[in-house]
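Scope of the values below: all heavy atoms of this structure, side chains included, with no hydrogens, waters or symmetry mates.
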Amino acid sequence: MTVLSKFPYLRQDFLASIVVFLIAVPLCVGVAVASGVPAELGLVTGIVGGIVTGLMPGSSLQVSGPAAGLTVLVFEAVSEFGVAALGVIVLMAGLLQLAMGFFGIGRWFRAISVSVVEGMLCGIGLVIIAGQVYAAAGLKAPESGIGKIVGLPGAFADALGSTAALTSLAVGAGTVAVIVLWKKMPKAVRSVPGALAAVILATVAALAFDLPVATVQVEGLLGVIEPPGSEAFGELAGPAIWGTIVAFALIASAESLFSAAAVDRLHDGPRTQYNKEMIAQGAGNTLCGLLGALPMTAVIVRSSANVNAGAKTKASRVLHGVWLLLFAAALPSALALIPIPALAGILVHAGWKLIPFRQLTGLWRSHKGEALILVITAVAIVTVNMFEGVLIGLALAVVKTAWEASHLKMEVIDKGSGPIQVYLSGNATFLRLPKILDSLEALPQDRPIELDVSGLHHLDHACRTALESWAERHSTSGTDPVRLTSP
């Protein structure tokens, strides 16, 4: 039996794995640098996402690794608790994901409002773009999301007064331009991913012209792997770190499972098993935590590239992890040549793609309430922080759903003589109670009334009690008792 007969899709998976690897290298490094940790930790997470999570069941074609969507949260965690505590946070988040997978909670993430998820990505994208503009100019960024955005005019003013800052900013802008224009290149040229081409060109330009730009600091793969110690585990005694752990677990899970749903629409292969995918993500994050690396999620950019490159089985994502491992082990010094503004440019482009311009336009036309939830979630993430912003979005989605579930129609028929007929249909809940009572109390007190609630699908206890109380009050005014037709 030949290798090809045993693995009929080996050629397609091999070629797809090369494409995904070439896309993953600059993104892994860029996400790590933007998160405030050594560049190699991004590669470690990519390796674990490819080899460990890649081998596990769940979703066959989506690819996991460090994601731009978690950059803001990781940076906040590192700033507050330190790099040493990152491993503990990721480890506990991974264990929480494992528990959610084993208890069958994975499929419930499909019930999260899409507008909240889009709003989360939009808010993250805005913060990433604002923060990476400072990195591209070689300037220190403010800590808060709103501070980053408000401070941009001042940052540009500072950059104009510095040749080094302008040079650095030009490298970042050039990187974005190459990525955007790369799609217009001939098909043969586009076989090299735009992000990789942009980084290579920026690196060559920086070396050839001896540009005064900062480059990636390299410590070596083994030098950055630092399992969490007892002091880091001691942080778990404080309540503050647990909010970050829950945020890591919930946001990474939501992003991974929404990515899985999107990837399923791109191919005709096996569908995602959501609870198994949750377990696979949890296992990967648990190992990343033990290695002191970045958290991982399924990444839609790499996953869609994997499908579009012709991948047929999970072998492509496993092989991409192997290539990352070989690169990190054999060519770590190559990382030290990469200009940081080039990585910032890659993340600015990635952040821009997180902003759902097209979806927002469509939502505004058809579902203005959903569009408002998206915008408010994004604004809350920028102005407060990511975890609380998502909670605000979820709360708004629940309130909107409850309000819509309380849809009620009230019809009053008054023929001028005889009883006034009132028909209620839909769902009568406490949310609509003020409107119901206002309408009923406005009816004439000297006329008999027939109240028909048989058309209601739902009548909660608060409404039933209020209607009965109103009927008693109206009946004492000297008129005939209210005739109430119950469902």
Side-chain angles (χ1 to χ4, degrees), residues 35 67-81 86 89-90 92-97 99-101 103 105-128 130-131 143-149 235-236 238-259 261 278 281-282 285 295 297 351 354-356 359-360 363 367-405 431:
S35 300
L70 285 178
T71 302
V72 177
L73 194 58
V74 174
F75 186 83
E76 290 175 354
V78 171
S79 299
E80 184 175 355
F81 303 107
L86 180 62
I89 294 172
V90 177
M92 300 307 295
L95 293 175
L96 187 55
Q97 285 182 301
M100 289 191 290
F103 285 106
I105 297 174
R107 62 191 182 90
W108 287 103
F109 277 83
R110 301 173 73 183
I112 296 177
S113 168
V114 175
S115 58
V116 174
V117 176
E118 296 285 6
M120 177 187 77
L121 296 176
C122 181
I124 292 168
L126 290 171
V127 176
I128 288 174
E143 292 187 3
S144 67
I146 192 68
K148 290 180 175 70
I149 293 175
E235 293 278 359
L236 296 176
I241 199 171
W242 285 99
T244 302
I245 290 169
V246 172
F248 269 54
L250 295 182
I251 292 172
S253 300
E255 191 168 338
S256 295
L257 298 184
F258 270 90
S259 171
M278 178 76 86
Q281 294 294 325
N285 273 320
T297 72
L354 289 176
I355 302 175
Q359 292 89 328
L360 181 58
L363 277 177
H367 302 285
K368 287 183 171 58
E370 294 291 332
L372 285 174
I373 290 174
L374 189 158
V375 171
I376 292 172
T377 302
V379 171
I381 287 172
V382 171
T383 55
V384 188
N385 59 51
M386 193 152 100
F387 185 47
E388 292 179 16
V390 171
L391 290 181
I392 289 170
L394 289 173
L396 286 174
V398 170
V399 170
K400 176 180 174 292
T401 301
W403 185 258
E404 290 180 344
L431 293 172

- Task: Take His367 and Ile373, measure what side chain to side chain contact (heavy atoms under 4.5 Å, CB included) needs, and give me the verdict at the end.
- Result: CA-CA 10 Å; His367 302 285; Ile373 290 174; over 6 Å; no
How close do [X] and [Y] get, heavy atom to heavy atom, and via which atoms?
X      : Y      : result
Leu374 : Cys122 : CD2-CB, 4.5 Å
Ile149 : Ala130 : CG1-CB, 3.8 Å
Ile89  : Ala77  : CD1-CB, 4.1 Å
Ser253 : Met278 : OG-SD, 3.3 Å
Ala67  : Thr297 : CB-OG1, 3.2 Å

Flag the pair [X] / [Y] as yes when at least one side-chain heavy-atom distance between them is below 4.5 Å, and no otherwise.
X      : Y      : answer
Glu76  : Val72  : yes
Phe248 : Leu86  : yes
Val78  : Ser35  : no
Lys148 : Val127 : yes
Leu394 : Val398 : no
Leu236 : Ile245 : yes
Thr377 : Ile392 : no

In short, salt bridge (charged side-chain N to carboxylate O under 4.0 Å, His left out) pairs touching residues 370-389 with sequence neighbours left out are Glu370-Lys400
Quiz prompt | Residue pair Ile124, Thr71: steps toward the side chain to side chain contact (heavy atoms under 4.5 Å, CB included) verdict | solution = CA-CA 8 Å; Ile124 292 168; Thr71 302; over 6 Å; no
